[in-house]
Amino acid sequence: MFSHLPSLQLLLLNSNSFTVIRDDAFAGLFHLEYLFIEGNKIETISRNAFRGLRDLTHLSLANNHIKALPRDVFSDLDSLIELDLRGNKFECDCKAKWLYLWLKMTNSTVSDVLCIGPPEYQEKKLNDVTSFDYECTTTDFVVHQTLPYQSVSVDTFNSKNDVYVAIAQPSMENCMVLEWDHIEMNFRSYDNITGQSIVGCKAILIDDQVFVVVAQLFGGSHIYRYDESWTKFVKFQDIEVSRISKPNDIELFQIEDETFFVIADSSKAGLSTVYKWNSKGFYSYQSLHEWFRDTDAEFVDIDGKSHLILSSRSQVPIILQWNKSSKKFVPHSDIPNMEDVLAVKSFRMQNSLYLSLTRFIGDSRVMRWNNKQFVEIQALPSRGAMTLQPFSFKENHYLALGSDYTFSQIYQWDKEKQLFKKFKEIYVQAPRSFTAVSTDRRDFFFASSFKGKTKIFEHIVVDLSL
């Protein structure tokens with residue numbers, strides 16, 4: 001448009017009816033020093049509108065209809081001394097964050113930038129906005145990888161600076177061990193432990209050894225150990241078949257530097273049993289109670305004391321406390337009015353202890369410890385739910401509620417309201433577990449599927465100011 005006027009130094013485009021300034025609108029005006037585009041109806045300015053104007057010293061966009069400017073729109077204006085943005089009403093939201101930061105850094109003289117919104121900043125100056133950092137980022141979950149097989153549980157462990165994941169696959173009769181590939185940036189197959197109707201794979205790290213407890217519905221349960229010379233997991237020992245007949249959950253914990261795990265048994269004939277490491281192997285240490293068809297065991301530290309919470313199809317969750325003198329778990333209390341709880345998970349936020357209680361029928365619950373008992377703070381509709389899993393990435397706290405009947409729901413903790421709010425729906429067929437895994441400064445969570453493909457979601461931070 002102006003390419004035949006390369007020596008032009010002053011350009012006035014005042015009081016016209018321009019509504020848009022497009023990319024390279026002033027191409028060829030290499031020596032332009034003064035550009036006045038005042039009193040028009042400009043609403044949109046393209047990001048590269050002023051490209052090439054390296055000699056421009058004065059720019060006026062006064063008295064237009066500009067509500068937002070694209071990021072770095074002034075980046076080519078190396079000589080800019082004065083910028084006039086008066087008479088425009090800016091939306092001082094996240095899209096203005098870059099301008100707010102630029103105003104603080106530029107050596108140019110800039111007129112006041114007045115806000116028309118959001119309501120709390122109306123008629124204020126952009127310089128006075130204070131909440132950009134917190135409000136201008138959000139998070140999201142995006143599918144990173146889909147694994148072409150079904151699974152019921154996922155466990156993660158670190159060994160020699162690498163991150164691994166053990167996945168129980170009943171239909172394929174495998175415990176698949178995956179490794180994070182630092183070059184390909186995905187999870188790849190590392191080893192495969194075969195078995196019969198595997199329902200759980202739990203990694204235990206003791207000194208430099210890596211064990212995996214493999215819980216099976218048939219043929220007994222076993223423990224495998226990683227063998228450096230074979231570079232694979234080899235069978236280390238059996239777990240007494242007589243005690244465990246229908247394992248449903250494996251929970252690992254430590255008390256006074258001793259390593260234990262408990263297997264929750266969901267058959268009437270079975271006994272939920274605690275096993276202890278004795279430097280040579282794991283042996284059965286304590287049977288917890290009979291005839292209760294336990295579906296889940298959760299180890300939790302309550303006020304400095306060790307506890308196990310057992311969930312069961314036949315009664316409300318019971319709380320066992322570790323007795324320091326007998327060195328056994330003894331019945332302590334229960335969680336009243338909470339029938340049909342499939343699983344209890346514990347988590348901490350802002351120094352408070354919480355429980356999430358999964359219920360297939362009725363509402364699942366979130367409870368908080370008040371130094372005397374657990375009190376309900378929220379009910380979540382959860383018909384068809386088999387898992388309600390808490391997980392956190394830095395300061396972001398979530399609950400993943402898996403459903404067999406509809407979309408699974410991710411909730412995010414709202415600090416102000418002190419409640420979980422709906423955040424995102426994800427589709428996973430018959431989800432059975434959600435597991436957080438972090439590696440290479442990236443955060444993932446695995447969603448196991450009993451009837452479809454296992455999905456790996458990445459937790460990403462989204463900058464709303466871009």
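Hydrogens, waters and symmetry mates play no part in the numbers below; they use all other heavy atoms, side chains included.
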Those residues that, when tested against Gln209, pass side chain to side chain donor-acceptor pair (under 3.5 Å) (two or more places apart):
Arg225

Step by step, work out the side-chain hydrogen bond (donor to acceptor under 3.5 Å, both in side chains) result for Ser267 and Asp265.
CA-CA 6 Å; Ser267 77; Asp265 195 302; 3.0 Å; yes

Side chain Lys97, main chain Leu464, donor-acceptor under 3.5 Å
no

Heavy-atom donor-acceptor pair, Thr454 side chain to Tyr149 backbone, under 3.5 Å
yes

Short question: side chain of Thr435, backbone of Asp155 - any donor-acceptor pair under 3.5 Å?
no

Tell me if a side-chain donor or acceptor on Asn248 pairs with a main-chain N or O of Ala264 at a distance below 3.5 Å.
no

Taking the six-membered ring of Tyr285 as reference, does the NZ or CZ atom of Lys328 fall below 6.0 Å from its centre and within a 45° cone about the axis?
yes

Give the intermediate values and the outcome of side-chain hydrogen bond (donor to acceptor under 3.5 Å, both in side chains) for residues Thr259 and Gln254.
CA-CA 5 Å; Thr259 299; Gln254 284 192 313; 3.1 Å; yes

Can we say Asp404 and Lys451 salt-bridge, meaning some charged N sits less than 4.0 Å from an Asp/Glu carboxylate O?
no

My understanding is that only residues two or more places apart in sequence, or in another chain, count here; which of them pass side chain to side chain donor-acceptor pair (under 3.5 Å) with Asp227?
Ser229

Across all chains, not counting sequence neighbours, the side chain to side chain contact (heavy atoms under 4.5 Å, CB included) partners of Gln412 are Thr139, Asn396, Tyr398, Lys421, Phe423

What verdict does the side-chain hydrogen bond (donor to acceptor under 3.5 Å, both in side chains) test give for Ser284 and Thr273, after you've listed the backbone C-alpha separation in whole Å, the side-chain angles of each residue and the deciding distance to 0.1 Å?
CA-CA 7 Å; Ser284 64; Thr273 303; over 6 Å; no

Residues forming a ring-ring contact (aromatic ring centres under 6.0 Å, His included) with His307, sequence neighbours excluded:
His332

Salt-bridge criterion met for Arg51 and Asp76 (N-O under 4.0 Å)
no

Which residue pairs pass the salt bridge (charged side-chain N to carboxylate O under 4.0 Å, His left out) test when at least one of the two sits in residues 369-393, sequence neighbours left out?
Arg365-Glu376

Donor-acceptor check, side chain of Asp296 to backbone of Leu342, threshold 3.5 angstrom: yes or no?
no

Excluding sequence neighbours, so at least two apart, what forms ring-ring contact (aromatic ring centres under 6.0 Å, His included) with Tyr224?
none

Identify whether the distance between the nearest side-chain nitrogen and carboxylate oxygen of Glu256 and Lys327 falls below 4.0 Å.
yes

